[in-house]
**Student:** 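Please find one structure pasted underneath; my questions will follow.
What you see is a predicted model, and the numbers here were worked out from it, not measured in a lab. A, B, ... follow the sequence lines: proteins, then strands. Residue 1 opens every chain.
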Amino acid sequence: MSAPRVRFAPSPTGELHVGGARTSLFNWLFARQRGGIFVLRIEDTDTERNRPEWVDGILSALSWLGMEPDEGPILQSSRFDRYQVAIDALWASGALYACDCRREDVDARTRHSDTPGYDGHCAERGLARGEGRALRFRAPAEGSTVVRDLVRGAVTFPHASMEDFVCVKSSGQPLFVLANVVDDRDMAISHVIRGEDLLPTTPKGILLWQALDRAGAEAGGPIELPVFAHLPMLVNAQRKKLSKRDAHLAVESYRDQGYLAVAFRNYLALLGWSPPGQAEKVGVDTLIREFRLEDVHHAPAFFDVKKLAHLNGEYIRELSVEQFVAAVKPWVAPDSPAPGGLSAAPPPWDPQQFDPAVFSAIAPAVQTRVVLLEEVPAMVDFFFRPELEMAPEAWRRVEADPQAGEVLTGALAAYEACEWQAERLHETTVALGEGLGRNGRKTQEPIRVAVTGRTVGPPLFESLELLGRDEVLRRLRAALERLGPA
RNA sequence: GGCCCCAUCGUCUAGUGGCCAAGGACAUCACCCUCUCAAGGUGGAGACACGGGUUCGAAUCCCGUUGGGGCUGCCA
């Protein structure tokens, strides 16, 4: 069998959303596995509601995920002449008829009918093509069309339930089904891998395909029908198809939050499919090697951000410190502009204050404590902003601690003399606590809050070491002052 | 309403007639580790929608019911 040609064919009506990304991934995996070609086609026949600039977003999102198209983007809006040829051939062969019915007239006629949809009013009127007249496909009255689907098997659609559907608007513009079929023929697509929502329109496409064969629309004669594979939908918490209304759908927003592309891609692959064996965290090589359309699950899947986040944490921890530091750079020391269309939130400090050496030193401790790259700045901000941001709830804990003053005073004295090294600071602090009848856990808290402004954060004594004696003492004094006389 | 698809722990899934008193992962709970928080380790709770068949044997096959979803547009 020759190398397959597949396509991802989004309509640019928004940013690339996770459902589209999953569809794209399965197409891409299939192509890579078999040495095929992955085509990106932009379905923008509806000129009313498409925005050309969205194409850039789709491209950059695909690129982020490592799924660069081998061909394209090909815009349907640039191919109207091709559709015109197909429409003329179809018309000449009698596969189409003109219709000037208005929607409300059709509705009025069919309101009490058993068979909803268009009633074939214009089928035999012999109307000429022309302004204000749509073109409908003459659907067969009997028989059925079978969709051969790699994930679902053979699905039969009786023609009796199919209306004479419109495939050319009264404006002369082709509708999705027609453009889709003409493109798949022209681009020699061998496998149509897309969302299950397109399954019901597939028989229409097949009928159009066969009509095009009969009409001799292309010089080369009949073209073999592609193999279909309809992927289960991605649904929201209400089990409804993901729509633009659902929040947190844009792939770009995951990138901007600091999800790693490898993690995101790995997670996407787990939606509707699973690698053999027990491991879910698998590299792209395994994905490409093991992916099987035949093994794709049939039921819809919910996009679980919690699981994605966990996977992301695993991938973050797997990074070397150097890789981690490089990956976080847009969040802690942004260049302008950021690479790859990334739009990271600016760090809460003056860039001048950022010290790469300090950050690199604390990075290993940070790496196990974040699940998203965007969480990093808040975890290390106390290093890089002289005016400490004190979390109110953290300070309340200090105020509620009757020994807080003693701990801080004791620490101030002990740290003035102590060797400035994390392990020494640890021992010193524990000793200080013992004198007050406190364990290490209790002792470190007021100090941590005084120095970092929070009750949680990176290991305290390493942080103190990095901050330096003078700064630590300064913050301890400030906290003491804020606490007031005991 | 019509046509079509689907149905295993809360979630994502393994399972293709006996290896399943149903396995893994996330989430959750407990414990261990521990300077906080994480990470890590150990353990727990947690599902075959229901009813009929077929079969020596069914989560796996068939039928029905119920439930969910998609499509039904001169959107894609």
Side-chain angles (χ1 to χ4, degrees), chain A residues 9-13 43-46 48-50 76 99 101-103 113-117 132-136 147 149 152 155-158 160-163 165-177 179-180 194-203 230 232-233 235 237-241 267 270-281 295 297-311 313-314 317 365-371 379 394 422 425-426 429-430 433 439-445 447-449 452 454-463:
Chain A
S11 64
T13 53
E43 308 235 323
D44 58 349
T45 49
D46 189 0
E48 294 297 303
R49 57 172 108 182
N50 288 151
Q76 289 189 326
C99 169
C101 295
R102 291 178 310 167
R103 182 77 218 171
S113 163
D114 300 340
T115 51
R133 288 174 182 171
L135 264 30
R136 288 184 182 271
V147 177
D149 192 290
R152 270 148 229 285
V155 185
T156 304
F157 293 85
S161 65
M162 187 186 295
E163 64 176 331
F165 56 93
V166 173
C167 49
V168 182
K169 296 190 209 183
S170 52
S171 65
Q173 291 185 318
L175 243 15
F176 153 76
V177 251
N180 199 269
R194 46 154 48 159
E196 192 195 346
D197 49 345
L198 272 333
L199 184 54
T201 73
T202 304
H230 287 94
M233 297 271 84
V235 297
Q238 286 71 239
R239 298 256 124 206
K240 300 256 200 257
K241 171 184 173 181
Y267 178 69
L270 263 22
L271 260 18
W273 180 77
S274 66
Q278 303 275 240
E280 292 191 324
K281 178 169 166 292
D295 294 338
H297 204 236
H298 293 187
F302 171 68
F303 186 89
D304 184 2
V305 184
K306 286 208 183 81
K307 184 159 178 171
L308 202 213
H310 178 269
L311 238 201
E314 288 197 295
R317 275 171 256 131
V366 174
Q367 209 174 336
T368 60
R369 288 171 170 77
V370 295
V371 131
M379 192 158 288
L425 287 162
H426 188 183
T429 308
V430 169
N439 59 21
R441 171 186 299 263
K442 290 268 301 175
T443 313
Q444 60 93 33
E445 186 177 76
I447 301 170
R448 176 183 293 278
V449 173
T452 73
R454 295 202 175 79
T455 55
V456 301
L460 179 60
F461 304 108
E462 288 177 42
S463 300

**Student:** Hey, does the side chain of A/Thr45 come within less than 4.0 Å of B/A76's phosphate (OP1/OP2), counting only N and O?
**Tutor:**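 For A/Thr45, the contact criterion (side-chain N or O under 4.0 Å from OP1 or OP2 of B/A76) is met.
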
**Student:** Below 4.0 angstrom from OP1 or OP2 of B/A14, is there any side-chain N or O of A/His297?
**Tutor:**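 Indeed, a polar side-chain atom of A/His297 lies that close.
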
**Student:** Between B/C74 and A/Ser170, counting only base atoms on the nucleotide and side-chain atoms on the residue, is there a donor-acceptor pair under 3.5 Å?
**Tutor:**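 Yes, a donor-acceptor pair under 3.5 Å.
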
**Student:** When both hydrogen-bonding distances must be under 3.5 Å and the geometry is Watson-Crick or G-U wobble, what is B/C48 paired with, if anything?
**Tutor:**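 Result: none.
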
**Student:** Using atom types as modelled and distance alone, determine if a side-chain donor or acceptor of A/Tyr267 lies under 3.5 Å from a backbone N or O of A/Asp304.
**Tutor:**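 Answer holds: yes.
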
**Student:** Using a cut-off of less than 4.0 Å, is there contact between a side-chain N or O of A/Lys241 and OP1 or OP2 of B/C71?
**Tutor:**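 Looking at the OP1 and OP2 atoms of B/C71, one of them is under 4.0 Å from a side-chain N or O of A/Lys241.
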
**Student:** Starting at the 5' end of RNA chain B and moving along, which residue's nearest nucleotide shows up first, A/Gly440 or A/Leu199?
**Tutor:**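 On the 5' side of the pair lies A/Leu199.
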
**Student:** Calculate, to the nearest 0.5 Å, the distance between atoms CG and NZ belonging to A/Leu270 and A/Lys307 respectively.
**Tutor:**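 With rounding to 0.5 Å, CG (A/Leu270) is 5.5 Å from NZ (A/Lys307).
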
**Student:** Go along nucleotides 37-50 of chain B 5' to 3' and tag each nucleotide: B for a protein heavy atom under 4.0 Å from its base, S when only backbone or sugar atoms are that close, - otherwise.
**Tutor:** BBSS----------

**Student:** Does the structure show a Watson-Crick or G-U wobble partner for B/C71, both distances under 3.5 Å? Name it, or say none.
**Tutor:**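 Here B/C71 is engaged in a pair, and the nucleotide opposite it is B/G2.
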
**Student:** Taking OP1 and OP2 of B/C35, is either one under 4.0 Å from a side-chain nitrogen or oxygen of A/Arg448?
**Tutor:**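 Looking at the OP1 and OP2 atoms of B/C35, neither is under 4.0 Å from any side-chain N or O of A/Arg448.
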
**Student:** Base, sugar-phosphate or nothing for A/Lys240? Non-hydrogen atoms, less than 4.0 Å.
**Tutor:**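 Since only primed, P, OP1 and OP2 atoms lie under 4.0 Å of A/Lys240, the category is sugar-phosphate.
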
**Student:** Remember a base hit wins even if backbone is also touched, and classify A/Leu460 as base, sugar-phosphate or nothing at under 4.0 Å, heavy atoms.
**Tutor:**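 Base contact.
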
**Student:** Quick one: look up who B/A14 pairs with, Watson-Crick or G-U, both distances under 3.5 Å, and put none if it's unpaired.
**Tutor:**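 B/A14 is paired with nothing.
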
**Student:** What orientation do A/Phe461 and A/His426 show, parallel under 30°, tilted 30 to 60°, or perpendicular over 60°?
**Tutor:**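 Ring orientation, 0 to 90° scale: parallel.
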
**Student:** Need to verify one output field. Residue with the more 5' nearest nucleotide on RNA chain B, A/Ser274 or A/Leu198?
**Tutor:**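 Closer to the 5' end of RNA chain B: A/Ser274.
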
**Student:** Is the distance from OP1 or OP2 of B/C74 to the nearest side-chain N or O of A/Arg103 less than 4.0 Å?
**Tutor:**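 Yes, because at least one side-chain N or O of A/Arg103 sits under 4.0 Å from OP1 or OP2 of B/C74.
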
**Student:** Classify the nucleic acid contact of A/Ala134 as base, sugar-phosphate or nothing, counting any heavy atom under 4.0 Å across all strands shown.
**Tutor:**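 The residue A/Ala134 makes base contact.
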
**Student:** Could you tell me whether A/Lys281 atom NZ has more than 12 heavy atoms of other residues or ligands within 6.0 Å of it?
**Tutor:**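 Yes - once you tally the heavy atoms of other residues, nucleotides and ligands closer than 6.0 Å, there are more than 12.
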
**Student:** Sort out the partner of B/C31 for me: Watson-Crick or G-U wobble, both distances under 3.5 Å, none otherwise.
**Tutor:**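 Partner of B/C31: B/G41.
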
**Student:** When the C1' atoms of B/C74 and B/G67 are considered, how many whole Å apart are they?
**Tutor:**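 B/C74 and B/G67 have their C1' atoms separated by 36 Å.
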
**Student:** Could you tell me whether A/Phe302 contacts a base, only the sugar-phosphate backbone, or nothing, with contacts defined as non-hydrogen atoms closer than 4.0 Å?
**Tutor:**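 Sugar-phosphate, backbone atoms only, no base.
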
**Student:** Please work out if A/Glu445 contacts a base, only the sugar-phosphate, or nothing of the nucleic acid, heavy-atom cut-off 4.0 Å.
**Tutor:**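 Here A/Glu445 touches no strand at all.
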
**Student:** Using OP1 and OP2 only, check whether a side-chain N or O of A/Lys306 sits under 4.0 Å from B/G10.
**Tutor:**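 A/Lys306 to B/G10 OP1/OP2: no side-chain N or O under 4.0 Å.
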
**Student:** Counting only Watson-Crick or G-U wobble pairs whose two distances fall under 3.5 Å, which nucleotide matches B/U66?
**Tutor:**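 B/U66 is paired, partner B/A7.
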
